[in-house]
Amino acid sequence: MARTADEQRRVDLLERIVDYVMENGLSDLSLRPLADAVGSSPRGLLYYFGSKEELVGSILTAAGDRQRAAFDRLPRDAASYRETVTAAWRVLSAPENRAIFRLFFEVYGLALQEPARYPGFLDRAVEVWLDYLEPSALRDGHTKADARAIATVLLAGYRGFLLDLLTTGQRRRVDRAVDLWIDALDAIPDPKELARGRRR
């Protein structure tokens, strides 16, 4: 079904708003400068998004969609686990994704301090991504518990290396650390070995 003009205007406006927030941050967001930057007015923003709190919620949802879109560009037919994880790191750490992850870490910190202002963010920041990463380990034959743990290792690794890269810009060092991390991932026992270990 085609969008109405109002719906399309809201979608287009939100795209520009997310671009602005990725560039300027969220913690000091003010409606007047935002409206000027995206070709609207404070009243127009409230018309389309209801309130500043609802606007922030829409921004976070749209920014999360952009993060997931980065994952969706990963190869689905990689020849090996190493190739899959390496490709994921290349996509996530690409310069064009720098702003979206910088915003993510900013909001993560804000939500840890004031979770009520960002309802559901902390849960989504972990659970949604574990749900996204877990199926590959399940397909390999791991139990639900082990697949969740492997997804946790992946999520922690990606985020830790991204935060380091955003902080320092030291691409060569971080890329080398990622290579060593992938070597460690290769050492995760296969499902049968893990099962034997639990029976001991």
Side-chain angles (χ1 to χ4, degrees), residues 11-29 34 37-38 56-112 118 121-137 139-140 147-148 150-188:
V11 169
D12 295 342
L13 193 56
L14 184 57
E15 285 296 301
R16 293 198 297 276
I17 290 169
V18 174
D19 288 340
Y20 174 88
V21 171
M22 287 197 305
E23 183 65 29
N24 296 279
L26 187 67
S27 58
D28 295 323
L29 185 66
L34 172 62
V38 300
V56 169
S58 295
I59 291 168
L60 297 182
T61 298
D65 290 343
R66 291 192 186 189
Q67 277 195 34
R68 282 183 287 277
F71 269 97
D72 287 340
R73 292 195 295 272
L74 300 180
R76 299 300 177 191
D77 56 353
S80 68
Y81 190 70
R82 171 178 289 273
E83 185 178 330
T84 301
V85 177
T86 300
W89 171 248
R90 286 175 181 159
V91 170
L92 297 177
S93 66
E96 60 267 26
N97 289 323
R98 177 182 175 85
I100 190 65
F101 286 107
R102 186 175 61 214
L103 174 62
F104 170 80
F105 285 119
E106 178 192 4
V107 178
Y108 212 137
L110 293 171
L112 285 171
Y118 305 92
F121 178 85
L122 293 174
D123 288 336
R124 292 192 303 272
V126 176
E127 295 302 319
V128 169
W129 290 100
L130 293 181
D131 290 345
Y132 191 95
L133 294 167
E134 182 184 284
S136 61
R139 285 193 296 270
D140 289 342
R148 201 71 168 174
I150 291 168
T152 300
V153 171
L154 290 171
L155 183 62
Y158 287 133
R159 286 187 175 165
F161 294 125
L162 280 170
L163 184 57
D164 189 325
L165 185 61
L166 288 169
T167 301
T168 67
Q170 295 175 2
R171 164 71 69 173
R172 181 177 296 181
R173 176 182 61 82
V174 176
D175 279 350
R176 178 58 183 145
V178 170
D179 288 340
L180 296 175
W181 172 61
I182 294 172
D183 287 341
L185 293 176
D186 279 343
I188 294 175

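All values derive from a computational prediction rather than experimental measurement.
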For Asp28, check side-chain hydrogen bond (donor to acceptor under 3.5 Å, both in side chains) against everything at least two apart and list the hits.
->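 None.
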Residues in side-chain hydrogen bond (donor to acceptor under 3.5 Å, both in side chains) contact with Arg176, at least two apart in sequence or another chain |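 So Arg176 forms no side-chain hydrogen bond (donor to acceptor under 3.5 Å, both in side chains) with any residue.
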Identify, with sequence neighbours excluded, every residue that meets salt bridge (Lys or Arg N to Asp or Glu O under 4.0 Å) alongside [X].
X: Asp179; result: none
X: Asp131; result: Arg148
X: Arg16; result: none
X: Asp12; result: none

Go through the steps to decide whether Phe161 and Trp181 satisfy the test ring-ring contact (aromatic ring centres under 6.0 Å, His included), and finish with yes or no.
-> CA-CA 10 Å; Phe161 294 125; Trp181 172 61; 5.3 Å; yes
Interatomic spacing from [atom1] in [X] to [atom2] in [Y] - rounded to 0.5 Å:
X: Leu130; Y: Thr152; atom1: CG; atom2: OG1; value: 4.5 Å
X: Leu26; Y: Leu60; atom1: CG; atom2: CG; value: 6.0 Å
X: Leu165; Y: Trp89; atom1: CG; atom2: CH2; value: 5.0 Å
X: Leu180; Y: Leu185; atom1: CG; atom2: CG; value: 11.0 Å
X: Arg82; Y: Ile182; atom1: CZ; atom2: CD1; value: 6.0 Å
X: Leu166; Y: Phe105; atom1: CG; atom2: CZ; value: 6.0 Å

Stepwise side chain to side chain contact (heavy atoms under 4.5 Å, CB included) check, Leu155 with Tyr132 | CA-CA 10 Å; Leu155 183 62; Tyr132 191 95; over 6 Å; no
List in chain and number order the residues that pass ring-ring contact (aromatic ring centres under 6.0 Å, His included) with Phe104, two or more places apart in sequence or in another chain; answer none if no residue qualifies.
->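 For Phe104 the ring-ring contact (aromatic ring centres under 6.0 Å, His included) partners, ignoring immediate neighbours, are Tyr108, Phe121.
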Shortest non-hydrogen contact from [X] toward [Y]:
X: Thr167; Y: Leu163; answer: OG1-O, 2.7 Å
X: Val18; Y: Ala62; answer: CG2-CB, 3.7 Å
X: Leu103; Y: Ala63; answer: CD2-CB, 4.0 Å
X: Trp129; Y: Arg124; answer: CD1-O, 3.8 Å

Check side chain to side chain contact (heavy atoms under 4.5 Å, CB included) between [X] and all other residues, then give those that pass, not counting sequence neighbours.
X: Leu110; answer: Ser27, Glu106, Tyr118
X: Arg139; answer: Pro135, Ser136
X: Asp65; answer: Thr61, Arg68

Got a sec, which pairs hit salt bridge (Lys or Arg N to Asp or Glu O under 4.0 Å) with one end in residues 151-165, sequence neighbours left out?
->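 For residues 151-165: Asp164-Arg173.
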Quick one: salt bridge (Lys or Arg N to Asp or Glu O under 4.0 Å) pairs with a partner in residues 90-103, sequence neighbours left out?
->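 The answer is none; no pair qualifies.
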Worked verdict on Leu92 versus Asn97 for side chain to side chain contact (heavy atoms under 4.5 Å, CB included) | CA-CA 6 Å; Leu92 297 177; Asn97 289 323; 5.6 Å; no
